[in-house]
Visitor: 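Mind having a look at this structure? Questions to follow.
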Amino acid sequence: MINKLEFTRIYPLQLGVFALIMVLFPKAIALGFLLFLITLVIGGIQKEISFQFNAISLLFISLYFLYAFYASYTRNSELAFSYLENKLSFLILPMLFALVPKKQINYYWTINGFVFAALVLSLQNFVSAVICYTDSGAINCFFSSAFSYKHHPTYAAVYFLMAMILLLYGWRKKLDGYSLKIILIPFVLLMISYFLCLSLAGILYIFIVIAVSLFYLIYVKWGKIVALLTLILMPVAIYSLFMSIPQIEGEISSASHYVEEYVNDPENFVRDREYPMSGSEVRIVMWTAAYNVFKMYPLGVGTGNVDAALNYELRKLGQPELTQHNYNPHNQFLQTGIEIGWFGVGILLSILSLAIYWAAKYRNWILLFISTSLFFNALVESMLQRQSGIVFYTFALCLLANVVRQEMIKKRQNKI
């Protein structure tokens with residue numbers, strides 16, 4: 001029989017296993033949910049857990065029920081049901097995380113589980129790329145979706161970034177096995193994998209993080225004048241670095257050209273695009289179509305109706321070829337707005353705002369990275385439409401909301 005003391009060890013361990021399944025075996029995620037539930041049943045039998053919701057969990061549940069409500073007037077019930085099934089994590093994970101361990105939890109094994117999973121994913125990508133290159137001789141095997149074959153490159157980049165942050169966290173907190181000598185090689189491997197994913201949003205995000213961090217450190221050490229000079233010179237340095245890397249330089253140059261062309265004449269830009277298009281062209285066309293639909297239906301078109309509404313608008317814009325691919329809007333805020341209206345956008349923004357506020361107030365830098373990465377990536381990808389994003393962000397935000405709650409309780413107790 002498992003004694004009460006051991007539950008505090010089992011709980012973070014099963015979270016680490018959940019993270020491992022989520023990253024390496026996404027199709028088996030149901031097993032992760034089952035193990036989570038079994039662990040909570042053990043905790044419940046031994047009276048080691050209490051039922052307590054936090055605000056972020058409640059907002060996720062509200063978001064799910066809003067999708068369910070909007071499914072009631074869908075024109076595509078099969079697709080709407082599929083969407084509700086995919087988004088069940090918005091409901092299940094907050095409910096599971098509402099069963100909170102009564103004792104303080106050490107999440108060492110949770111961190112280990114996620115870092116190990118990201119490292120294995122990185123190695124799998126490299127092995128696959130080498131095999132691809134051996135067979136074809138194509139250098140492109142080491143970039144973008146050819147490199148990240150298991151997850152969309154943007155999601156894989158998020159996993160690699162979070163693993164790097166957890167390595168640094170473990171080093172700063174002096175956790176066992178996280179000395180600088182030990183984490184250096186895994187960190188470099190993850191960093192290389194991150195850039196090989198060629199997620200433009202991910203690359204921009206990490207350089208913004210580096211720039212902000214350097215600015216803060218310089219400000220603290222050398223004062224306002226040096227920090228101001230750094231603020232002026234840093235964008236030039238980052239731009240020069242980007243332009244020195246051919247793959248990134250190509251992405252930035254083409255994106256800048258398309259944006260300039262679009263701003264000069266939006267209507268002609270969209271109408272004159274010929275298929276096949278580059279990723280940047282597709283995004284601009286889809287953003288335009290999505291914005292037009294959202295403007296026409298500010299309360300949403302209903303769960304499962306987004307594809308039909310976008311396809312109708314694309315035909316009006318003179319882009320019937322794109323309707324064959326059922327592209328999403330490539331922007332989570334537009335995606336949510338089209339489907340479930342301003343109410344849904346409001347809930348999504350509330351989740352992000354609250355997470356960022358808690359992260360800043362309680363100096364939880366992991367929560368800050370996760371919430372800001374979701375916000376930034378959501379501007380150019382529908383991050384909560386794939387299981388890779390739905391499960392990860394719900395899991396991470398609900399877990400860290402509970403960690404912040406522990407910090408709140410600790411501060412209150414210290415004041416007494």
Side-chain angles (χ1 to χ4, degrees), residues 12-13 15-26 106-134 139-214 217 237-238 241-242 244-248 365-370 373 377 388 392 396:
L13 179 60
L15 291 180
V17 172
F18 187 97
L20 189 145
I21 294 172
M22 174 178 64
V23 174
L24 296 179
F25 310 102
N106 182 339
Y107 291 100
Y108 175 74
W109 286 107
T110 306
I111 294 170
N112 287 348
F114 189 88
V115 170
F116 177 76
L119 284 170
V120 172
L121 179 65
S122 175
L123 291 172
Q124 287 177 338
N125 288 350
F126 275 108
V127 170
S128 174
V130 169
I131 293 172
C132 171
Y133 180 75
T134 302
I139 194 65
N140 286 339
C141 292
F142 290 94
F143 299 104
S144 193
S145 55
F147 175 73
S148 180
Y149 68 96
K150 186 172 287 187
H151 296 278
H152 184 284
T154 300
Y155 298 97
V158 169
Y159 295 163
F160 296 142
L161 177 63
M162 289 305 113
M164 286 189 282
I165 290 167
L166 290 174
L167 283 174
L168 293 175
Y169 174 83
W171 170 61
R172 288 292 303 274
K173 294 292 182 180
K174 298 181 179 179
L175 301 182
D176 289 342
Y178 284 81
S179 67
L180 190 58
K181 289 181 180 179
I182 293 175
I183 72 165
L184 186 58
I185 292 176
F187 187 89
V188 171
L189 178 66
L190 290 167
M191 178 69 78
I192 293 170
S193 299
Y194 183 88
F195 281 99
L196 290 180
C197 286
L198 281 189
S199 167
L200 186 57
I203 292 170
L204 289 173
Y205 176 77
I206 198 170
F207 273 99
I208 289 171
V209 168
I210 292 170
V212 171
S213 301
L214 284 175
L217 291 173
I238 292 174
L241 178 61
F242 279 167
S244 67
I245 303 172
Q247 287 79 11
I248 298 177
W365 305 123
I366 300 174
L367 178 57
L368 184 64
F369 281 118
I370 288 174
S373 79
N377 284 305
S388 297
F392 169 74

Visitor: Test side chain to side chain contact (heavy atoms under 4.5 Å, CB included) on L189 and L123 and set out the steps.
Guide: CA-CA 9 Å; L189 178 66; L123 291 172; 3.8 Å; yes
Visitor: Which heavy atom in I183 sits nearest to a heavy atom in G177, and how many Å separate them?
Guide: CG2-O, 4.4 Å
Visitor: Work out which heavy atom in K150 is nearest to a heavy atom in L24; give both atom names and the distance.
Guide: NZ-O, 3.0 Å
Visitor: Parallel, tilted or perpendicular: which fits the ring planes of Y159 and F392, with parallel below 30° and perpendicular above 60°?
Guide: perpendicular
Visitor: I'd like to know whether OH of Y149 has more than 12 heavy-atom contacts from other residues, nucleotides or ligands below 6.0 angstrom.
Guide: yes
Visitor: Say whether, by atom type as modelled, one donor and one acceptor occur between the side chain of S144 and the main chain of L198 under 3.5 angstrom.
Guide: no
Visitor: For Y178 and N112, which heavy atoms make the closest approach, and how far apart are they?
Guide: OH-OD1, 2.6 Å
Visitor: How long is the gap from CD1 on I111 to CD1 on I366, to the nearest 0.5 Å?
Guide: 5.5 Å
Visitor: Go through the steps to decide whether L161 and F369 satisfy the test side chain to side chain contact (heavy atoms under 4.5 Å, CB included), and finish with yes or no.
Guide: CA-CA 9 Å; L161 177 63; F369 281 118; 5.6 Å; no
Visitor: Give the minimum heavy-atom separation between S199 and A157, together with the two atoms involved.
Guide: CB-CB, 4.3 Å
Visitor: Can you tell me how far OH of Y108 sits from CG of L175, rounded to the nearest 0.5 angstrom?
Guide: 7.0 Å
Visitor: Out of curiosity, N140 CG to F147 CZ, how far, rounded to the nearest 0.5 Å?
Guide: 13.5 Å
Visitor: Looking at every non-hydrogen atom in both residues, tell me the closest pair between V23 and H151 and how far apart they are.
Guide: O-NE2, 2.7 Å
Visitor: Can you tell me how far CE of M22 sits from CG of L15, rounded to the nearest 0.5 angstrom?
Guide: 10.0 Å
Visitor: For N125, is there any backbone N or O sitting under 3.5 Å from a side-chain donor or acceptor partner on S128?
Guide: no
Visitor: With rounding to the nearest 0.5 Å, note down the distance linking CZ in F142 to SG in C132.
Guide: 8.0 Å
Visitor: State, yes or no, whether a side-chain contact exists between S193 and F126 at a heavy-atom distance under 4.5 Å.
Guide: yes
Visitor: Only one of L119, L168, V115, I192 forms a side chain to side chain contact (heavy atoms under 4.5 Å, CB included) with F187, so which one is it?
Guide: L168
Visitor: Within the side chain of S122, is there an N or O that forms a donor-acceptor pair under 3.5 Å with the backbone of A118?
Guide: no
Visitor: Looking at I185, I want to see if its CD1 is surrounded by more than 12 non-hydrogen atoms of other residues, nucleotides or ligands under 6.0 Å.
Guide: no
Visitor: Quick check: closest heavy atoms across F160 and C197, and the distance to 0.1 Å?
Guide: CE1-SG, 3.8 Å
Visitor: Keeping the roles fixed (side chain from Y194, backbone from G202), state whether a donor-acceptor pair exists under 3.5 Å.
Guide: yes
Visitor: What's the spacing between I165 CD1 and M162 CE if we round to 0.5 Å?
Guide: 3.5 Å
